[in-house]
*Asks:* 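Questions regarding the structure given below will be posed in turn.
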Amino acid sequence: MNKESTPTGPEFLKQFEDNWQTEMGGILFGEGAIIRGQDIFKKFGDREWMELLIYAITGKTSPKIVQLLNALWVICTSYPDPRLWNNRVAALAGTARSTGVLAIAAGVSVSEAGIYGLKPIQGATDLLYRLKEQLDCGRNLENLIKTELKTHRAVFGYGRPLASGDERIKPLMDFARSIDAHEGAYINLAFEIDDYFKNSRYRYQMNIAAVAGGLIADQGFTAKEFYYLATLCFTGGMFPCFIDALSHREGTLFPLQTDRINYRGEHILKLWPSEED
């Protein structure tokens, strides 16, 4: 249906008034709740919350993916360091005496940065899917990587600022090996790309996004599904940073002297009111 023929207006909207048709589920007041056709009490009452989250997003259940995602969140994303950008936002909310909900919501919102967080997670997973499809059609890996660099000037999952290597890769792969999730077409491809970079003139190194993307893709999850599943994964590091900032004097988180700011605009004298005013 083209845009011109798409029905609009009151008559069209009237059919949706108090009427939302969905297969996702809903509350049965006085009885319970349904999610994707399953009774939450009966299906998930004795299971982990992570299982419910995975089923809510993907409609799939898998004990292995629950273990893998738990490990990803613990090993790779729950660092209580306020120097990390999204954690810093949560800590700044604490030093400004904001609320916990606003702090975490703000921290999650900036987790969609281009060089860390959710976009690299989704981008690396998507990269592996795209390259695998083209390799299966007989394309050459080196040519595909060069095309990726020429088109995007970067390769998601490879390259990490301010570090010579990613310390998270080994413990994550050790855990994946312990649950027999370490072998698969996509995780193998992730390491093949890393091997190419190691023997090329390009100074790119594999980071945790490529490893996570390969492991998750081998479990049959799409890049978009992984993006949804990872949305809350950084909050384990945000809460300590927020709570810690609350315990310090207000406004003392990482202050900067004004002469450290390279300001090139118009100089305006700002008079701050005193306590007496």
*Asks:* What pair of heavy atoms forms the shortest contact from T95 to T252, and how long is it?
*Replies:* OG1-N, 3.2 Å
*Asks:* Under the criterion side chain to side chain contact (heavy atoms under 4.5 Å, CB included), which of D218, L141, L127 is the partner of L189?
*Replies:*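 With L189 as partner, side chain to side chain contact (heavy atoms under 4.5 Å, CB included) holds for just one option, L141.
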*Asks:* Report yes if some heavy atom in the side chain of L215 is under 4.5 Å from a heavy atom in the side chain of F175; otherwise report no.
*Replies:* no
*Asks:* Is there a side-chain contact between R83 and R88 (heavy atoms, below 4.5 Å)?
*Replies:* yes
*Asks:* Could you check whether the rings of Y186 and Y129 sit parallel, tilted or perpendicular, using 30° and 60° as the cut-offs?
*Replies:* tilted
*Asks:* Distance check, rounded to the nearest 0.5 Å: E148 atom CD versus N143 atom CG?
*Replies:* 13.0 Å
*Asks:* Applying the side chain to side chain contact (heavy atoms under 4.5 Å, CB included) criterion to I187, which one of M173, H182, E192 satisfies it?
*Replies:* M173
*Asks:* Closest heavy-atom contact between A217 and T125?
*Replies:* CB-CG2, 4.4 Å
*Asks:* Check for a donor-acceptor pair, side chain of D194 on one end and backbone N or O of M206 on the other, with a separation under 3.5 Å.
*Replies:* yes
*Asks:* Please examine the side chains of Y55 and R47, heavy atoms only from C-beta on, and report whether any two atoms are closer than 4.5 Å.
*Replies:* no
*Asks:* Before you tell me yes or no, could you show the steps for Y202 and V155 under side-chain contact (heavy atoms from CB on, under 4.5 Å), namely the whole-Å CA-CA distance, both residues' side-chain angles and the distance that decides it to 0.1 Å?
*Replies:* CA-CA 11 Å; Y202 301 107; V155 178; over 6 Å; no
*Asks:* Please name the pair of heavy atoms, one in A176 and one in L68, separated by the smallest distance, quoted to 0.1 Å.
*Replies:* CB-CD1, 4.4 Å
*Asks:* What do you reckon, are the aromatic ring centroids of Y204 and F197 less than 6.0 Å apart?
*Replies:*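 Yes; F197 has its ring centre under 6.0 Å from that of Y204.
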*Asks:* Tell me which one of T77, N86, T231 satisfies side-chain hydrogen bond (donor to acceptor under 3.5 Å, both in side chains) with S111.
*Replies:*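 So the option named by the test is N86.
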*Asks:* Which value, rounded to the nearest 0.5 Å, describes the distance between Q122 atom CD and L229 atom CG?
*Replies:* 11.5 Å
*Asks:* Of all heavy-atom pairs between A103 and F242, which one has the smallest distance, and what is that distance?
*Replies:* CB-CD1, 3.4 Å
*Asks:* Nearest 0.5 Å please: distance from the CZ atom of R139 over to the CD atom of Q134.
*Replies:* 5.0 Å
*Asks:* Does I65 reach the side chain of F221, with side-chain heavy atoms less than 4.5 Å apart?
*Replies:*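 Yes, side chains in contact.
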*Asks:* Quick check: do F226 and I121 have side-chain heavy atoms less than 4.5 Å from each other?
*Replies:*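 Yes, their side chains come closer than 4.5 Å.
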*Asks:* I'd like to check L118 versus F234 (side-chain heavy atoms, cut-off strictly below 4.5 Å). Are they in contact?
*Replies:* yes
*Asks:* Identify the heavy atoms of C76 and L172 that sit nearest to each other, and give their distance.
*Replies:*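 Here C76 and L172 meet closest at SG-CD2, 3.9 Å.
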*Asks:* So which atom in A91 and which in A245 form the shortest heavy-atom distance, rounded to 0.1 Å?
*Replies:*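 Shortest heavy-atom separation between A91 and A245 comes out as O-CB, 3.2 Å.
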